[in-house]
Each structure stands twice: as C-alpha cells, then as structure tokens.
Number of protein chains: 2
Amino acid sequence: MRENPYARTREDHRSEVAEDYVELIYRLGRDRAEVRTADLVEALGVAQPTVTKTLERLQRDGLVNVHPRRRIELTAAGASLASDISERHVLIVKFLQAVGVPKEVAELDAEGIEHHVSETTQRAIARFVRGRQ
Amino acid sequence: MRENPYARTREDHRSEVAEDYVELIYRLGRDRAEVRTADLVEALGVAQPTVTKTLERLQRDGLVNVHPRRRIELTAAGASLASDISERHVLIVKFLQAVGVPKEVAELDAEGIEHHVSETTQRAIARFVRGRQ
DNA sequence: TGGTTTATATAGCCTTGGCTATATATTCGG
DNA sequence: CCGAATATATAGCCAAGGCTATATAAACCA
Ligand SMILES: [Mn+2]
Ligand SMILES: [Mn+2]
Ligand SMILES: [Mn+2]
Ligand SMILES: [Mn+2]
C-alpha cells in the first residue's frame with residue numbers, strides 16, 4: 001500500500017523544530033565560546049520563554065543538555081542530527097542557486113524545504129549539483 | 001533589515017493545512033459529483049473529527065462552505081488558493097523528476113515542499129523546467 | 001417502511017509551540 | 001563589592017491540530 005503524502009508531511013513536521021534548534025546551536029557553537037538562550041531567541045525571532053520551554057522538550061528527547069542559566073550543549077545524538085540537517089541545508093541552497101534563485105531567497109526557502117527532502121531526493125540533488133560544477 | 005528564515009517558515013506553516021485541504025477538495029471535485037467529509041478523511045489519513053473541526057476553521061476563514069452532513073464546497077477565495085497551490089504542486093513534482101527523483105518519491109516530497117517555495121523560487125523553477133523539455 | 005449500517009457531529013482530552021507578565025539569578029560597571 | 005542592568009526561569013494563558021468515545025442523522029435494503 002502506497003504511503004500517504006499528507007501523513008509524511010505531518011511526520012516531517014514533528015521533527016522540524018528539533019532540527020532547527022540543533023542545527024542552530026551547532027552553527028552558533030562554531031563562532032561563540034558558548035551558546036546561550038539569548039542567542040537562540042535572537043536568531044529564531046521568538047520570545048525567550050518559548051526557547052526555554054522548547055529546550056526542555058529537546059532535553060527530554062535527549063538532543064541537548066541545558067545547564068540552567070548557563071550554556072546549552074548538544075548531546076551526541078543532537079550533534080549527529082545537527083550535522084545531517086546542516087549538510088542538507090547547504091545542499092538545498094546550492095541546488096536552488098544552481099537553477100537561478102538568488103542566494104538570499106535560497107536561504108529563506110531552504111529553511112522550510114530542508115525538512116521535507118527525503119534521502120532519495122537528497123541523493124538526486126547532490127548528483128545534480130555535483131554534475132554542474 | 002534581513003528577513004528571518006525561521007519566522008518565514010513558521011508563517012508558511014500557518015497556511016499549510018488550509019492549502020492542503022482546499023487543494024484536495026479541488027482535486028477530488030474533478031472526479032466525484034460532490035466532496036464529502038469521508039473523502040477527506042480517507043485521503044488525509046486523519047480521524048474524522050479532525051476533518052470536521054478543521055473544516056470549521058476553514059469556513060470561519062472564508063475558504064469553504066460546509067453544508068452540514070452534506071457536501072463541502074470551495075468559496076471563490078478557496079478555489080483561487082487551490083488552483084495556485086495545485087499549480088505549484090505539479091511544478092515541483094516536474095522539477096524533482098527533471099533532476100532524477102522517481103515520480104512516487106517526488107509526489108511525497110512535493111506535498112511538504114510546496115508550502116515553502118517563494119514566488120521568486122517558483123519562477124526560477126518554472127524557467128528551469130521549461131528549459132529542458 | 002422500519003431496522004440496520006454508515007456518515008457526521010459533538011464532547012472532551014492531549015501536546016506543541018506560540019505569547020505576556022513577572023520573579024529571580026547573574027553579570028557588569030563604578 | 002554593591003547596585004543596576006541583563007538574562008533566565010516560572011506562571012499562566014491561547015490556538016492549532018491531533019486523538020477516542022459516543023450521540024445522532026442519513027442512507028440503504030429486505
Ligand atoms: Mn529549517
Ligand atoms: Mn513544512
Ligand atoms: Mn502539501
Ligand atoms: Mn499538494
């Protein structure tokens with residue numbers, strides 16, 4: 001029996017916030033000495049209690065360790081997820097740019113698209129991007 | 001000041017369920033004499049009360065007219081939105097197929113991706129797809 | 001036509017992910 | 001080192017979009 005596309009999309013969305021948070025923590029961690037709640041508030045554009053509460057869920061799910069009123073760290077699982085989604089993000093931006101989308105717009109769209117690209121599609125895109133360098 | 005990609009994605013998601021419902025009602029309406037709740041339940045893979053409640057929201061927002069215990073119709077606004085999103089859906093499937101994604105997988109991924117493709121990107125994709133026919 | 005089956009509505013519950021207001025802890029400058 | 005400023009935590013609210021259980025209406029058919 002054929003998979004239901006709407007169910008797939010709903011499923012994608014259940015991991016979306018987690019993916020964005022760990023990717024962001026991962027990326028910020030390369031610049032700063034440590035990543036703090038305020039950094040995420042700034043980057044995500046949501047209210048501070050939203051970040052605090054979301055981090056609790058991510059901790060519950062084993063993706064981050066939060067040292068209260070101090071820094072936020074990725075667990076091994078969190079770092080692994082972050083590096084996967086980060087790679088996918090970069091690839092999608094390149095892909096969109098390759099077909100003529102301006103970088104700025106590609107970045108905006110990729111932030112949403114990245115959560116809906118299957119393994120199979122990711123491989124096809126990677127081949128395509130490689131093939132035109 | 002540069003737009004926040006996370007805010008854009010959150011905004012996209014606020015119209016996503018509406019887009020899928022009207023697109024589906026539109027598409028089903030071409031086969032069947034009339035579209036009923038049960039048809040949406042089947043296609044979406046959610047429980048029946050979920051569809052009933054969602055239709056109430058869509059009616060509140062002026063996208064559908066629900067004749068209780070009878071058929072569901074699109075308003076002019078609903079039909080217009082449906083035709084836009086339907087066109088985008090078809091284009092994305094073609095685009096993915098053009099870079100080597102199997103049709104089945106393209107359909108699955110497109111159902112999520114379609115909600116995150118900007119006007120600018122849609123135009124670029126359309127040019128690309130046209131250019132290789 | 002009446003009884004059974006099927007479809008829809010209604011009640012009530014849950015989690016996620018938003019928000020504001022405010023309390024409390026940490027940090028920084030004088 | 002203390003007070004002000006800043007950052008974080010906590011309380012409490014809300015809407016969306018899921019769910020199950022059950023009541024009721026509509027459709028079918030013997
Ligand atoms: Mn994202
Ligand atoms: Mn999405
Ligand atoms: Mn969709
Ligand atoms: Mn679609």
Side-chain angles (χ1 to χ4, degrees), chain A residues 4-25 28 32-73 81 111-112 115-116, chain B residues 4-25 28 32-73 81 111-112 115-116:
Chain A
N4 183 318
Y6 301 103
R8 230 298 294 285
T9 303
R10 288 193 301 273
E11 199 188 311
D12 290 345
H13 285 155
R14 284 206 309 273
S15 41
E16 172 157 335
V17 167
E19 289 174 354
D20 280 341
Y21 271 66
V22 297
E23 187 195 352
L24 185 54
I25 294 164
L28 291 174
R32 292 162 179 64
E34 51 181 48
V35 179
R36 302 292 296 252
T37 297
D39 302 318
L40 303 182
V41 168
E42 153 95 46
L44 294 165
V46 293
Q48 170 261 310
T50 299
V51 170
T52 300
K53 197 162 37 161
T54 302
L55 286 171
E56 277 166 26
R57 282 198 304 275
L58 298 185
Q59 183 155 45
R60 178 200 63 192
D61 297 343
L63 295 171
V64 303
N65 281 128
V66 179
H67 305 277
R69 294 184 189 272
R70 296 218 150 57
R71 74 186 175 289
I72 298 153
E73 285 166 335
L81 178 59
E111 202 51 72
H115 309 283
H116 300 286
Chain B
N4 183 316
Y6 302 104
R8 228 298 293 285
T9 302
R10 288 194 301 273
E11 198 188 311
D12 290 345
H13 285 156
R14 285 206 311 273
S15 41
E16 172 158 334
V17 167
E19 288 174 355
D20 280 341
Y21 271 66
V22 297
E23 187 195 350
L24 184 54
I25 293 164
L28 290 174
R32 292 163 178 65
E34 53 181 47
V35 179
R36 303 292 296 252
T37 296
D39 302 318
L40 303 182
V41 168
E42 153 96 47
L44 294 165
V46 293
Q48 171 260 310
T50 299
V51 170
T52 300
K53 197 162 38 161
T54 302
L55 287 171
E56 276 165 27
R57 283 199 302 276
L58 298 185
Q59 183 155 46
R60 177 200 63 192
D61 297 341
L63 295 171
V64 303
N65 281 128
V66 179
H67 305 277
R69 294 183 189 274
R70 296 219 151 56
R71 74 186 176 289
I72 298 152
E73 285 166 336
L81 177 60
E111 202 51 73
H115 309 284
H116 300 286

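We name chains A, B, ... by the order of the sequence lines, and we start the count at 1 in each one.
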Under 4.0 Å protein heavy-atom contact, by nucleotide of nucleotides 4-12 of chain D - B base, S sugar-phosphate only
----BBBB-

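A straight line from CD of B/Glu16 to P of D/dA15 spans 21 Å, rounded to a whole angstrom. Atom CG in B/Leu44 sits roughly 10 Å away from atom P in D/dC19 (whole-Å rounding). Whole-Å rounding puts the A/Arg14 CZ to D/dG17 P distance at 15 Å. Put simply, CG on A/Leu40 is 15 Å from P on C/dG17, counting in whole angstrom units. Counting to the nearest Å, the C1' atom of C/dT16 and the CG atom of A/Leu63 are 15 Å from each other. D/dA15 atom C1' lies 12 Å from atom CG of B/Asp61, rounded to whole Å. The interatomic distance linking A/His115 (NE2) with C/dT16 (P) rounds to 18 Å, in whole Å. Rounded to whole Å, the distance from CD on A/Gln59 to C1' on C/dT16 is 18 Å.
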Please test B/Leu81 against B/Glu19 for side chain to side chain contact (heavy atoms under 4.5 Å, CB included), starting from the C-alpha separation and ending with a verdict.
CA-CA 7 Å; B/Leu81 177 60; B/Glu19 288 174 355; 4.1 Å; yes

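Not one side-chain nitrogen or oxygen of B/Thr50 sits closer than 4.0 Å to the OP1 or OP2 atom of D/dG17. OP1 and OP2 of C/dT8 both lie 4.0 Å or more from every side-chain N or O belonging to B/Arg71. OP1 and OP2 of D/dA15 both lie 4.0 Å or more from every side-chain N or O belonging to B/Arg57.
Note that CG of B/Leu44 and OG1 of B/Thr54 are 8.5 Å apart. Values are rounded to the nearest 0.5 Å.
B/Arg10 comes within 4.0 angstrom of the backbone, heavy atoms only, and of no base. Residue contacts shown for A/Val41 are absent, as no nucleic acid heavy atom lies under 4.0 Å away.
Considering only heavy atoms from C-beta on, A/Leu63 stays 4.5 Å or farther from A/Tyr21 through its side chain. Residues B/Leu55 and B/Gln59 are not in side-chain contact: their nearest non-hydrogen atoms beyond the backbone lie 4.5 Å or more apart.
Ring geometry for A/His116 versus A/His13: interplanar angle over 60°, hence perpendicular rather than tilted (30 to 60°).
Judged by distance alone, with hydrogens and angles left aside, the side-chain atoms of A/Arg71 form no donor-acceptor pair with the main-chain N or O of A/Thr37 at under 3.5 Å.
Judged by distance alone, the side chains of B/Thr52 and B/Glu56 never bring a donor and an acceptor atom under 3.5 Å apart.
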